[in-house]
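Shown next, in structure tokens, is the structure this report addresses.
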Amino acid sequence: MNDFLINIGFNNMVVSSRIVAVVSPLSNPMKRMKEESKNNGKLIDVTQGRKTRAIIIMDSGHIILSALNPETISQRINGEESKKKI
């Protein structure tokens with residue numbers, strides 16, 4: 001798979017192939033996961049003080065908080081993949 005960068009808000013980028021899941025932060029399990037990763041030093045907050053709208057789970061175990069909606073991040077991933085295939 002080709003690696004490319006995905007903008008997750010405020011000019012912050014992640015490598016697309018390292019993303020495991022993009023989920024909503026509203027459920028209790030996601031809130032617990034966020035707290036556990038904060039305690040383990042694996043939480044990365046790129047919201048710049050805005051409301052967290054998506055949690056990105058990376059294959060390294062890091063959790064990234066984004067101010068973008070999960071749908072927006074998904075569209076960016078899918079859009080970049082289709083551009084690479086052409």
Side-chain angles (χ1 to χ4, degrees):
M1 176 182 215
N2 293 334
D3 292 341
F4 50 92
L5 296 174
I6 300 295
N7 184 340
I8 58 169
F10 304 107
N11 292 323
N12 296 294
M13 311 284 185
V14 295
V15 177
S16 62
S17 64
R18 307 286 309 264
I19 297 173
V20 174
V22 181
V23 296
S24 172
L26 301 177
S27 69
N28 283 332
M30 290 302 108
K31 290 177 184 178
R32 283 193 297 272
M33 182 184 290
K34 179 177 148 183
E35 273 305 308
E36 288 174 12
S37 63
K38 183 177 181 179
N39 293 337
N40 295 334
K42 291 199 168 207
L43 181 70
I44 302 169
D45 186 351
V46 298
T47 61
Q48 292 193 359
R50 305 229 178 22
K51 180 181 177 182
T52 299
R53 296 205 168 133
I55 295 178
I56 303 168
I57 303 169
M58 305 299 288
D59 63 355
S60 62
H62 286 85
I63 304 296
I64 302 173
L65 307 179
S66 175
L68 296 179
N69 288 320
E71 295 85 14
T72 303
I73 296 170
S74 174
Q75 289 172 353
R76 290 181 180 184
I77 292 169
N78 292 332
E80 289 299 323
E81 285 179 352
S82 65
K83 287 178 191 173
K84 288 286 183 183
K85 291 179 183 176
I86 294 175

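Here, residue 1 is the first one in the sequence, and each next residue gets the next number.
- Note on Ile44: it does not cluster hydrophobically with Val20, by side-chain heavy-atom contacts below 4.5 Å among ILVMFWY residues.
- Leu68 and Ile55 sit in two unconnected hydrophobic clusters of ILVMFWY residues. Membership requires side-chain heavy atoms under 4.5 Å apart, directly or through other members.
- Two residues are said to be in side-chain contact when any heavy atoms from C-beta on lie closer than 4.5 Å; Met58 and Val14 meet this criterion.
- Residues Val46 and Ile73 share a hydrophobic cluster, clusters being chains of Ile/Leu/Val/Met/Phe/Trp/Tyr side chains in contact below 4.5 Å.
- With sequence neighbours excluded, the residues forming a side chain to side chain contact (heavy atoms under 4.5 Å, CB included) with Ser27 are Pro29, Met30, listed by chain and number.
- Remark: the backbone N or O of Ile77 is not paired with any side-chain donor or acceptor of Ser16 at under 3.5 angstrom.
- Atom CD of Glu71 and atom CZ of Arg76 lie 12.5 Å apart (nearest 0.5 Å).
- Linking Ile, Leu, Val, Met, Phe, Trp and Tyr whenever their side-chain heavy atoms come within less than 4.5 Å leaves Ile63 and Val22 in two separate clusters.
- With sequence neighbours left out, the salt bridge (charged side-chain N to carboxylate O under 4.0 Å, His left out) criterion links Asp45 to no other residue.
- In this view, Asn11 and Asn7 satisfy the side chain to side chain contact (heavy atoms under 4.5 Å, CB included) rule, not counting sequence neighbours.
- Not one N or O on the side chain of Lys42 forms a donor-acceptor pair closer than 3.5 Å with the backbone of Glu36.
- Scored by the side chain to side chain contact (heavy atoms under 4.5 Å, CB included) test, Arg50 finds Phe10, Gln48, Ala67 as partners (sequence neighbours excluded).
- No more than 12 heavy atoms of other residues, nucleotides or ligands sit less than 6.0 Å from atom NZ of Lys38.
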Where do Ser66 and Thr47 land on the side chain to side chain contact (heavy atoms under 4.5 Å, CB included) test, with the steps shown first? CA-CA 5 Å; Ser66 175; Thr47 61; 5.5 Å; no
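- Within the structure, salt bridge (charged side-chain N to carboxylate O under 4.0 Å, His left out) contacts touching residues 22-33 (residues at least two apart or in different chains) do not occur.
- Partners of Asp59 under the side-chain hydrogen bond (donor to acceptor under 3.5 Å, both in side chains) rule, at least two apart in sequence or in another chain, are Arg18.
- Hydrophobic clustering, with ILVMFWY side chains joined whenever heavy atoms are under 4.5 angstrom apart, keeps Met33 apart from Ile64.
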